[in-house]
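All values derive from a computational prediction rather than experimental measurement.
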Amino acid sequence: MLQIYNTLSKEKQPFTPIVKNKVGLYVCGITVYDLCHMGHARTYLSFDIVLRYLRHLGFEVKYVRNITDVDDKIIQRAQQNNETPGELTQRTITEMHADFAALNLLKPDVEPRVTTHMPEIITVIERLIDKGYAYQSSTGDVLFKVNAYEGYGKLSKQDLSQLVSGIRVQTTSDKHDPLDFILWKGVKEGEISWASPWGEGRPGWHIECSAMNHKHLGEHFDIHGGGSDLIFPHHENEVAQSCCAYDTPYVNTWMHTGMVQINNEKMSKSLDNFFTLRSVLEKHDAETLRFFLMSAHYRSQLSYSQENIDQARASLERFYTSLRDVKANVDVEMSYGGYLAKFEAAMNDDFNMPVAVAVLFDIVKDLNKLDSNSDEAKDTAGALRHLGKILGILENEPEQFLQGDLSQDLTAQIEALIAKRIQARTDKNWASADAIRDELSALGVILEESKTGTTWRKA
RNA sequence: GGCGGAAUGGCAGAAUGGCUAUGCAGCGGAUUGCAAAUCCGUGGAUCUCGGUUCGACUCCGGGUUCCGCCUCCA
């Protein structure tokens, strides 16, 4: 049985969907003012695996991942670029989709945007005002009255009095209470805005998610996820809004992913220590990055470094080397060899990807011992492909992965040298054979020679 | 100051109150003309100090260090 760690209860809990066999999954997406970075990639890769595994278990999952396409930074960046916010976000959304596709992330079923959900957002705010949980300030903003909600702080385990004493943000005078947060922000000169009962303006950050997941998943849904940096205040505020606007339970399971670290520090835009996914994809193949991103448990921090990515590459080379000489029987039963049970045991334990991956290595070990022409080897390779697919890996052709993309010229050059070396070895001209191997090595080619023939991979 | 998480072998990274994690790297052997790949074998760890226990890396308590959140953040 699947167990998931719930931020709300701080423990692993058996997962039972609200509606039998169906799962509503909402993940906070990115604010699209720039290219996404490795931290984003980590979070969405984690939920991609959650999604794939839930589907593997037979759940019908509705995956909703929003796009924040209006906020201060978007407005600011668009002004700097001398373009409209819409032009900016259209471009960054296209880039995001390209990056995520490269990482083999499945598409969300719904990808709602703030700018197309104004009526829904306004409706939620109206409900909050009607029920006495929100008020309009003297400056025109609409604010959520935090002390009106007794449950405030239950997700992030914050105590209201401690929050007040520790508050660092300067309080604007028109807030009744420094903890109150903005639901609707009155328009300022030159900003994009929408009409509302409270005048022209735009939504505060948190309300959009409450409105969008209400629309697409209903008042009460199964899983809500995001980076652990969103727990407070974003998700705490969302809980407050949704629970006050609607009198039903809100989210059953809250899942949060660990941060990507670089030099022992969180990777983030504000620290200016980030690597865009785009720039990393230019240097490494996408599957290596995907594998790197799943190399630690999703709730742990993940340290970004060249060495760790190289290790991911080396691990994948072991998989693909093993698969290279076997024609995998992809029609083999999922449960062939008993690996699936171990794999599921790992994944059922709060999606323990490192242990699940270790099961794949068990398969490799067995596969490498078999005669690659045997049915047993083909079936074992099929089992490896099956489990890999659940994780979204090992879907490429081994030769393609191991040799990379090469120009025709280079391929011809390599093949010619290999032919020369084969001749030299036939002639037992070892000096010449070794010299040719050195030449190939200089081209970044590592030879692999066996009784059945010669092949190679890139260094 | 408050809240939360973490400290495991050279690196990455799991797990468990007693039983091999796994991958990369190292070492020895098989194989190879020599390599590569592969197989077999192997060394090496649980921050620290106490406690509970027949037995703890695992449970409890005190330290130390690190990270995240408390401001926009995945």
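As judged by a 4.0 angstrom heavy-atom cut-off over every strand, A:D310 is placed among residues making no nucleic acid contact. Counting non-hydrogen atoms under 4.0 angstrom, A:N308 reaches the backbone sugars and phosphates but no base.
With both pairing distances under 3.5 Å, B:rC19 is matched to nothing as a Watson-Crick or G-U wobble pair.
The side chain of A:S300 places an N or O atom within less than 4.0 Å of a non-bridging phosphate oxygen (OP1 or OP2) of B:rA14. Between B:rG4 and A:K10, a contact under 4.0 Å exists linking OP1 or OP2 to a side-chain N or O.
Here A:D375 pairs with nothing under the salt bridge (Lys or Arg N to Asp or Glu O under 4.0 Å) rule; sequence neighbours left out. Residues satisfying the side chain to side chain contact (heavy atoms under 4.5 Å, CB included) test with A:Q158, not counting sequence neighbours, are A:S156, A:L163, A:F232.
Within residues 450-459 of chain A, the residues that have a heavy atom under 4.0 Å from RNA chain B are, in order of number, A:R457. At a non-hydrogen distance threshold of 4.0 Å, A:K369 from residues 369-402 of chain A come into contact with RNA chain B. Heavy-atom distances under 4.0 Å link RNA chain B to A:N352 of residues 337-353 of chain A, given in residue order.
Checking B:rA74, B:rG13, B:rC72 against every side-chain atom of A:A296, the shortest atom distance belongs to B:rG13.
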Just the atom pairs and distances: protein N or O near nucleotides 21-23 of chain B's N or O, under 3.5 Å.
from: B:rG23; atom 1: O2'; to: A:S315; atom 2: OG; distance (Å): 2.6
from: B:rG23; atom 1: N2; to: A:Q311; atom 2: OE1; distance (Å): 2.5

